[in-house]
Amino acid sequence: MKSVFLATSLALSMTAFAALAADQHGVHGDGPKAEANTGAAHAGHGKINSVNLESGTVNLTHDPIESLKWPKMTMDFRARDPAILKDLKPGTQVDFELMKMGDGYHIMKISPSAN
């Protein structure tokens with residue numbers, strides 16, 4: 001009986017976690033409000049955690065992006081042109097510009113921050 005209770009609790013916890021993750025995903029722009037931002041550029045500042053030149057993506061922890069109403073978070077972004085990532089290293093503070101393209105936001109510009 002104890003194992004049935006634990007299995008049920010685990011299943012409920014995983015369901016709640018999945019719902020929370022889906023909620024958070026909507027926070028960074030995949031919901032209906034994000035559609036209004038299509039084509040607009042959004043400035044951000046953050047720290048690079050990793051760069052994957054092969055996939056053309058960068059993982060960074062960014063400060064809040066007010067124009068998108070995004071809180072501070074860590075996420076992956078695809079670069080419009082992967083070549084803009086070639087000189088970036090983990091730990092570098094960067095300023096970047098995002099634009100909605102298709103089903104997500106892509107980095108259009110990124111460079112080490114002057115701050």
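Position 1 is the first residue of the sequence, and the numbers go up from there.
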- CG on Asp81 to NZ on Lys109, rounded to 0.5 Å: 13.0 Å
- Query: Which value, rounded to the nearest 0.5 Å, describes the distance between His106 atom NE2 and Met101 atom CE?
  - Reply: 5.5 Å
- Query: Just wondering, do Trp70 and Leu98 contact through their side chains at under 4.5 Å, heavy atoms?
  - Reply: yes
- Message: Check whether His45 reaches the backbone of Val94 with its side chain - one donor and one acceptor, N or O, closer than 3.5 Å.
- Response: yes
- Quick one: closest heavy-atom pair of Pro82 and Arg80, and the distance? CD-O, 3.9 Å
- Non-hydrogen atoms of His42 and Ser67 that approach each other most closely: ND1-OG, 2.7 Å
- Relative to each other, are the rings of His62 and Phe77 parallel, tilted or perpendicular (30° and 60° limits)? tilted
- Interatomic distance, Asp95 atom CG to Asp63 atom CG [nearest 0.5 angstrom]: 9.5 Å
- Item | Taking every non-hydrogen atom, the tightest pair across Pro90 and Ser50 | CG-CA, 4.2 Å
- Item | Nearest-0.5 Å distance that lies between atom CG in Leu85 and atom CD in Glu54 | 13.0 Å
- Report yes if the side chains of Thr61 and Lys72 come closer than 4.5 Å at any heavy-atom pair, otherwise no. yes
- Item | Distance in Å, Thr74 OG1 paired with Lys47 NZ, rounded so as to fall on 0.5 Å steps | 8.5 Å
- Task: To the nearest 0.5 Å, tell me how far Ile110 CD1 sits from Asp87 CG.
- Result: 11.5 Å
- Item | Close side-chain approach of Phe96 and Leu60, heavy atoms under 4.5 Å | yes
- Mind checking what makes side-chain contact (heavy atoms from CB on, under 4.5 Å) contact with Pro112, not counting sequence neighbours? Leu88, Thr92
- Is any side-chain heavy atom of Asn59 less than 4.5 Å from a side-chain heavy atom of Thr57? no
